[in-house]
Amino acid sequence: MDDALVRVGRALRAVLLIALALLFLIPFYLLVRNGLASEDDITSPDWTFFPSTLHWSNLSELFADPAVPMARALLNSTLIAVATTLGTLLLASLAGYGLARIPYRHADRVFYAILGTMMVPAAVTFVPSFVLVSSLGWVSTLRGLIVPTLFSAFACFVFRQYFLGFPRELEDAARVDGLGYWRTYWRVVVPNSRPVFAAVGTIVFIGAWNSFLWPLVIGQDRDAWTVQVALATFTTSQVIRLHELFVAAAVSIVPLLVVFLFLQRWIVAGVERSGIDD
Amino acid sequence: MRGASRARQPLGTQNRTLWFWVFVGPFALGLVLFTYVPLAWSVYLSFFDAHNTVSPTEFVGLDNYTSMLRNDAFTDSLVTFAVFSAFIVPTTFVLSLALALMVNRTRRAQAFFRSVFFLPAACSYVVAALIWKLSIFNGVRFGLANTVLGWFGAEQVAWLSTTQPPWYWLVIVTVRLWLQAGFYMILFLAGLQRISPTLYEAAAVDGARPGWQVLRHITLPQLRATSVAVTLLLVINAFQAFDEFYNLLSDSRGYPPYARPPLVYLYYTALGQGQNLGLGSAGAVLLALIIAVVTVGQARWFGLGRKED
């Protein structure tokens, strides 16, 4: 093969990758730029790449504004995301282990009944789910925002696939030591499965933090707003203070960027092991 | 003595059944309560008149279904979905596959590029829609897109409020591409890394030229399982489009009558002004049926579930 041609191809690919990377980063830049700009800089017809001055005071202004329940929304989102992640990990990992490793006559049928709910997208059941939750009196409560989202068939599926491939020797050793299913699970299986817990946990956390339709339907009172609902309410309201809105949006992605940058490799590993593309 | 022998022996069938339900029971119960019961309730409610109330009042048979299917707004929303998915599915597929192929072949800074393309997955549709609506595709006075157009002397475009030509589709498609391409790129990367290098070596020995020939005869066939999974996920996700339509196109005056995907329409029917939960349920059941038919049909078409040879 012609060396020169290969080199040209490689250079072209590098240029294309860098151009695409810049394109993918522009929205993040705009978010930060507008979050630190003055209202005038954002709405100026003569758009400039850099704002004329940086307004770090936008941040304190956001949290001081009584019209914007930002602190409360951040607290709600944090509680919901943490509780949803822990709850999902517990419930789905137990179920995934049971399905993968405890021989039971109807295990396959139970598995298909769980898998089937992935076909019925959760979003389609929002009308009846709303009916159910409101008849429980859970509208605008954290319970209503958390409990119905805890039963992720996707998470259960990932755990089952992972535990199917878990080395049996480790479990057998535990069995010889006289441990039952319960203690084998907690003392041997969980400590040796940290990567899959981290991967599923990260995906669930991101999903919970970013979810919109369910909090919009259930969080009707201002006190129950999540960050996403609060942001959406600003964008559709009549009076928009743009710099506050942008700094609020920037603040809202910080927790995720932190989780994301630290745990990205687990997400990749989790996807590779989930069997989602098998 | 009995205890010791029991510990070494495999547990009896009854014990296994008990332990199976100890592990699976809580999850299964929750799934029944929060997925199967709402589904069943939805089907039940769809046969009743239920305005402003969650308890059915009057049995109306199939009336909700017929009025939903005769309702132009609902059928238009299905057409909207079809147009949307016909566009977004292939576009996202091609972009994420191209990103994966390029990132996979990059030796230097592979982790950097992977992170950059994956990073938008950490953004919510709400935040992305805000950037798109108020910063990039802002209509008249300011906004990046109009600024760039201005450099070339082109006219300013009111991106989100014109239906002729429908510029809002560009806004909606690009926001989804930006948010989702990275995630599917990761799926493709995982698939690419599983392809055995010996296949490429064999192809080189057989004189296949690197590039298009290898891509067509080795890479793409080896990625078949991944491609099927990605396509299924893309179609299901397109069907559920809600966040970006809601956030990009509605404002304080309400929702425009165009570009309404089914979920947005159902949201407004069931929980908006009308509060018509019976009708909304009928629409949800219809939508669930359509998704099930499309998904199963697609899985059959691609032969999903058959073992790869």
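What you are looking at is a predicted structure, and each value in this text was computed from that prediction instead of being measured. So you know, we letter chains A, B, ... as the sequences are listed, proteins then strands, and number each from 1.
Residues meeting the salt bridge (charged side-chain N to carboxylate O under 4.0 Å, His left out) test with A/Arg101, sequence neighbours left out: A/Glu171.
Neither the backbone nor the side chain of A/Trp209 comes within contact range of chain B; no heavy atoms are under 4.5 Å apart. Both the backbone and the side chain of A/Ala113 come within contact range of chain B, with heavy atoms under 4.5 Å apart. Interface remark: B/Tyr36 contributes side-chain atoms only to the contact with chain A (heavy atom separation under 4.5 Å). Contact annotation for B/Phe117: both backbone and side-chain heavy atoms come within less than 4.5 Å of a heavy atom of chain A. Using a 4.5 Å cut-off between heavy atoms, A/Ala107 touches chain B through backbone and side chain atoms alike. Contact annotation for B/Leu289: neither backbone nor side-chain heavy atoms come within less than 4.5 Å of a heavy atom of chain A. For B/Ala122, the parts lying under 4.5 angstrom from a heavy atom of chain A are both the backbone and the side chain. Heavy-atom distances place no part of A/Val229 under 4.5 Å from chain B, backbone and side chain included. Heavy-atom distances place the side chain of B/Val22, and not its backbone, under 4.5 Å from chain A. Heavy atoms of A/Ser211 lying under 4.5 Å from chain B are absent altogether.
In this structure, B/Arg16 CZ and A/Ile102 CD1 are separated by 10.0 Å, a value rounded to the nearest 0.5 Å. Rounded to the nearest 0.5 angstrom, A/Ile114 CD1 and B/Leu31 CG are separated by 6.0 Å. The CG atom of B/Leu134 sits 5.5 Å away from the CG atom of A/Leu242 when rounded to the nearest 0.5 Å. Rounded to the nearest 0.5 Å, atoms CG (A/Leu20) and CG (B/Leu95) are 7.0 Å apart. A/Ser129 contributes atom OG, which lies 8.0 Å from atom CG of B/Leu39 (distance to the nearest 0.5 angstrom). If you take OH on B/Tyr246 and CG on A/Leu216, they are separated by 4.5 Å, rounding to the nearest 0.5 Å.
For the set A/Val259, A/Val110, A/Leu257, the entry with the most heavy-atom pairs within less than 4.5 Å of chain B is A/Val110. The candidate with the highest count of non-hydrogen atom pairs below 4.5 Å against chain A, out of B/Ile131, B/Leu99, B/Val43, is B/Ile131. Chosen from B/Ala98, B/Ser115, B/Ala111, the residue pairing most often with chain A at heavy-atom distances under 4.5 Å is B/Ser115. Highest contact tally toward chain B, considering only A/Leu30, A/Leu256, A/Leu17, A/Leu23, is held by A/Leu17 [criterion: heavy-atom pairs under 4.5 Å]. When each of B/Val37, B/Thr35, B/Leu119, B/Val116 is scored by its heavy-atom pairs under 4.5 Å with chain A, the top score falls to B/Leu119.
Contact detail for B/Phe27 and A/Ser152: the closest heavy-atom pair is CZ-O, 3.4 Å. Counting all heavy atoms, side chain and backbone alike, A/Leu132 lies closest to B/Pro38 at CD2-CG, 4.1 Å. Closest non-hydrogen pair, A/Leu91 versus B/Pro26, comes out as CD2-CB, 3.6 Å. Residues B/Leu130 and A/Ala249 come closest through the heavy atom pair CD2-CB, 4.0 Å. Scanning both residues, A/Pro27 and B/Ile136, for their nearest heavy atoms gives CG-CD1, 4.5 Å. Contact detail for A/Ile253 and B/Cys123: the closest heavy-atom pair is CG2-SG, 4.1 Å.
Within the 4.5 Å cutoff, no side-chain heavy atoms of B/Tyr125 are placed close to those of A/Asn210. Looking only at side-chain heavy atoms (C-beta outward), B/Asp243 and A/Gln228 stay at 4.5 Å or farther from each other.
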Test log, rule side chain to side chain contact (heavy atoms under 4.5 Å, CB included), inputs A/Leu213 and B/Tyr267: CA-CA 9 Å; A/Leu213 179 57; B/Tyr267 173 80; 4.1 Å; yes
Passes side chain to side chain contact (heavy atoms under 4.5 Å, CB included), B/Phe113 versus A/Ile18? Steps please. CA-CA 8 Å; B/Phe113 285 115; A/Ile18 292 168; 3.9 Å; yes
Would you sort out whether A/Phe212 and B/Ser124 count as a side chain to side chain contact (heavy atoms under 4.5 Å, CB included), showing the intermediate values? CA-CA 8 Å; A/Phe212 178 61; B/Ser124 68; over 6 Å; no
Can you check side chain to side chain contact (heavy atoms under 4.5 Å, CB included) on B/Val24 and A/Leu94, steps first, answer last? CA-CA 6 Å; B/Val24 183; A/Leu94 284 174; over 6 Å; no
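A/Tyr185 and B/Phe23 have their aromatic ring centers within a separation under 6.0 angstrom. A centroid separation of 6.0 Å or more is found between the aromatic rings of B/Trp19 and A/Tyr97.
Looking only at distances, a side-chain donor or acceptor of A/Arg13 sits under 3.5 Å from a matching main-chain atom of B/Arg105. A donor-acceptor contact shorter than 3.5 Å is absent between the side chain of A/Tyr181 and the backbone of B/Phe20. Between the B/Trp178 side chain and the A/Phe24 main chain, a donor and an acceptor come within less than 3.5 Å of each other.
Legend: side-chain hydrogen bond (donor to acceptor under 3.5 Å, both in side chains) pairs involving residues 20-29 of chain B, not counting sequence neighbours, sorted by first then second residue: A/Tyr104-B/Trp21.
Of the options A/Asn34, A/Ile26, A/Leu31, a side chain to side chain contact (heavy atoms under 4.5 Å, CB included) to B/Ser135 is made by A/Asn34 and by none of the others.
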